Protein chains: 2
Amino acid sequence: MVDGVLPRAERRRRTEARILEAARALFADVGFERATIRGIAKAAEVDPALVMQYFGSKQELFQQAVRVTLVADGELGAEEVVENVLGTLNVKLGELPQSSLAMMRSMLTHPEAAASAREVLGKQVERLAETLPGEDARLRAALITLVMLGVTVGHQLLEMEELAGVPQEEIARVLRPSLRALAGQEVS
Amino acid sequence: MVDGVLPRAERRRRTEARILEAARALFADVGFERATIRGIAKAAEVDPALVMQYFGSKQELFQQAVRVTLVADGELGAEEVVENVLGTLNVKLGELPQSSLAMMRSMLTHPEAAASAREVLGKQVERLAETLPGEDARLRAALITLVMLGVTVGHQLLEMEELAGVPQEEIARVLRPSLRALAGQEVS
DNA sequence: GTCTATAATTAGATAGAC
DNA sequence: GTCTATCTAATTATAGAC
């Protein structure tokens with residue numbers, strides 16, 4: 001409470017936030033296994049022991065780092081019509097939040113991240129399926145979701161050169177008829 | 001050369017093959033980092049030291065285990081027309097070779113696997129691009145490839161429940177018009 | 001040639017000084 | 001409260017016995 005100095009609670013909050021930010025970046029870059037507490041601490045400019053003090057374990061730190069994803073992605077698509085999926089193209093192809101990237105980076109090799117990914121994708125599928133017509137709505141919803149996943153993985157994580165310089169609008173344009181077809185609409 | 005006993009060269013060849021098979025299975029299951037030499041040796045019923053003796057390092061073992069992928073996938077799509085991509089659906093959705101799964105499992109977290117994935121996918125894109133019409137053939141080819149990647153990842157690696165019991169033909173049927181659209185064909 | 005025993009490295013986690 | 005120093009465990013990799 002001394003003037004000119006931050007309250008200790010506030011100071012701690014900011015330090016935690018800085019650690020989380022560094023953790024997300026490193027997890028997103030190299031995945032859970034290759035990201036080390038020491039590396040995260042160094043990037044956040046804090047002592048490695050402090051990271052453990054605050055978050056208890058590497059596992060819990062990872063959970064905290066990717067947790068936001070669930071909420072954020074839950075708000076993404078949102079509404080009722082298929083055009084919204086196309087709308088998310090911009091987000092998916094642009095700057096996806098670090099927490100999402102962190103989760104995706106590890107989803108094939110870290111059980112916790114895999115479970116998280118299944119949950120997020122599953123919710124997306126559910127939401128889509130409600131708005132799609134036909135018997136096979138769920139299958140179509142799943143495939144739409146996986147198309148987006150594939151494009152995102154190729155672009156953001158594998159960084160394929162074929163998509164490197166291409167503007168989002170161009171990708172969205174080429175992809176649109178394809179998604180419309182999956183949504184069960186015959187014509188454009 | 002003694003009767004009734006395999007020649008030592010042949011015996012060694014078989015042991016190597018058994019190790020490679022076990023390595024592919026484990027790499028495909030849990031990825032490069034979580035797969036251990038000990039675990040692979042145990043699955044192959046050999047001594048861990050023998051694995052090192054034969055392959056030199058975990059890294060080289062991994063390379064050998066996924067190398068076949070390049071050739072196998074190179075033969076996959078093959079010919080000239082777009083229908084061939086649809087034809088690969090059966091392969092991709094059915095039993096993909098273990099070596100391919102091993103590579104895909106680690107492609108987001110292991111640099112070597114990532115490079116391998118980019119190479120394989122890049123060749124696929126190249127081959128497709130030659131057969132597609134239009135200015136944006138390469139972009140379309142890349143997106144087609146990523147669609148297949150997304151579906152494969154969701155089905156084989158994430159094992160999403162929405163695709164679990166669905167027969168390949170059903171998935172192919174729903175996916176077909178979407179891929180046709182990406183290929184630049186207006187109608188079915 | 002095969003394997004036992006161990007070296008060497010690196011990680012996550014902890015205890016205690018200040 | 002923060003960090004130094006250390007512990008413990010697991011791994012790859014190696015050297016040498018048999």
Side-chain angles (χ1 to χ4, degrees), chain A residues 1-2 4-20 22-24 26-27 29-66 102 105-106 109-113, chain B residues 1-2 4-20 22-24 26-27 29-66 102 105-106 109-113:
Chain A
M1 291 299 191
V2 184
V5 199
L6 290 172
R8 60 220 175 289
E10 172 66 10
R11 178 168 174 76
R12 158 150 182 164
R13 203 190 61 76
R14 293 198 184 184
T15 303
E16 269 199 22
R18 209 169 63 245
I19 292 174
L20 268 180
R24 288 200 190 93
L26 234 165
F27 283 138
D29 259 10
V30 300
F32 180 85
E33 323 280 350
R34 295 176 111 86
T36 65
I37 298 281
R38 287 167 167 83
I40 292 168
K42 185 167 185 179
E45 293 179 320
V46 298
D47 192 276
L50 202 64
V51 178
M52 299 299 297
Q53 183 80 3
Y54 283 179
F55 295 91
S57 72
K58 185 183 177 181
Q59 184 62 236
E60 292 177 58
L61 174 60
F62 181 75
Q63 286 175 3
Q64 291 268 349
V66 303
R105 176 70 74 187
S106 294
T109 42
H110 190 58
E112 185 108 15
Chain B
M1 290 303 191
V2 184
V5 198
L6 291 171
R8 59 222 175 289
E10 172 66 9
R11 177 166 174 77
R12 158 150 183 165
R13 201 191 60 77
R14 293 197 185 185
T15 303
E16 268 200 22
R18 209 169 64 245
I19 293 174
L20 266 181
R24 288 199 190 94
L26 234 164
F27 282 139
D29 258 13
V30 300
F32 180 84
E33 323 279 351
R34 295 176 111 85
T36 65
I37 298 281
R38 286 167 167 81
I40 291 166
K42 185 168 187 178
E45 293 179 318
V46 298
D47 193 275
L50 202 63
V51 179
M52 298 299 298
Q53 183 79 5
Y54 282 178
F55 295 91
S57 73
K58 184 182 178 182
Q59 185 61 235
E60 290 176 60
L61 173 59
F62 181 77
Q63 286 175 6
Q64 291 269 350
V66 303
R105 174 71 74 189
S106 295
T109 42
H110 190 60
E112 186 108 13

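Here is the naming used below: chain letters follow the sequence lines, and residue numbers restart at 1 for every chain. Quick caveat, the model's predicted, so the values are computed rather than measured.
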Smallest separation among heavy atoms of A/Ser57 and A/Met52, with atom names: CA-CE, 3.9 Å
Nearest atoms (heavy-atom pairs only) where A/Ile40 meets A/Ala22: O-CB, 3.8 Å
Are there any protein N/O atoms within less than 3.5 Å of an N/O atom in nucleotides 13-15 of chain D, and if so, which ones and at what distance?
unit_1: D/dA13; atom_1: OP2; unit_2: B/Lys58; atom_2: N; d: 2.9

Under 3.5 Å donor-acceptor, B/Arg105 side chain and B/Gly31 backbone: no
Within this structure, what is the [atom1]-to-[atom2] distance between [X] and [N], rounded to whole angstrom?
X: A/Phe62; N: C/dG12; atom1: CZ; atom2: P; answer: 14 Å
X: A/Leu50; N: C/dA13; atom1: CG; atom2: P; answer: 15 Å
X: B/Arg12; N: C/dG1; atom1: CZ; atom2: P; answer: 9 Å
X: A/Asp47; N: D/dT6; atom1: CG; atom2: C1'; answer: 14 Å
X: B/Arg18; N: C/dT2; atom1: CZ; atom2: P; answer: 11 Å
X: A/Lys42; N: C/dA11; atom1: NZ; atom2: P; answer: 12 Å
X: A/Glu60; N: C/dA13; atom1: CD; atom2: C1'; answer: 12 Å
X: B/Glu10; N: C/dG1; atom1: CD; atom2: P; answer: 15 Å

Stepwise side chain to side chain contact (heavy atoms under 4.5 Å, CB included) check, A/Thr15 with A/Tyr54: CA-CA 10 Å; A/Thr15 303; A/Tyr54 283 179; 3.9 Å; yes
Sugar-phosphate, base or nothing in reach of B/Tyr54, heavy atoms under 4.0 Å: sugar-phosphate
Touch class at under 4.0 angstrom, heavy-atom based, for A/Ala35 against every strand present: sugar-phosphate
Mutual orientation of the aromatic rings belonging to B/Phe27 and B/Phe32 [parallel < 30°, tilted 30-60°, perpendicular > 60°]: parallel
Set of residues satisfying salt bridge (charged side-chain N to carboxylate O under 4.0 Å, His left out) with respect to B/Arg13, sequence neighbours excluded: B/Glu10
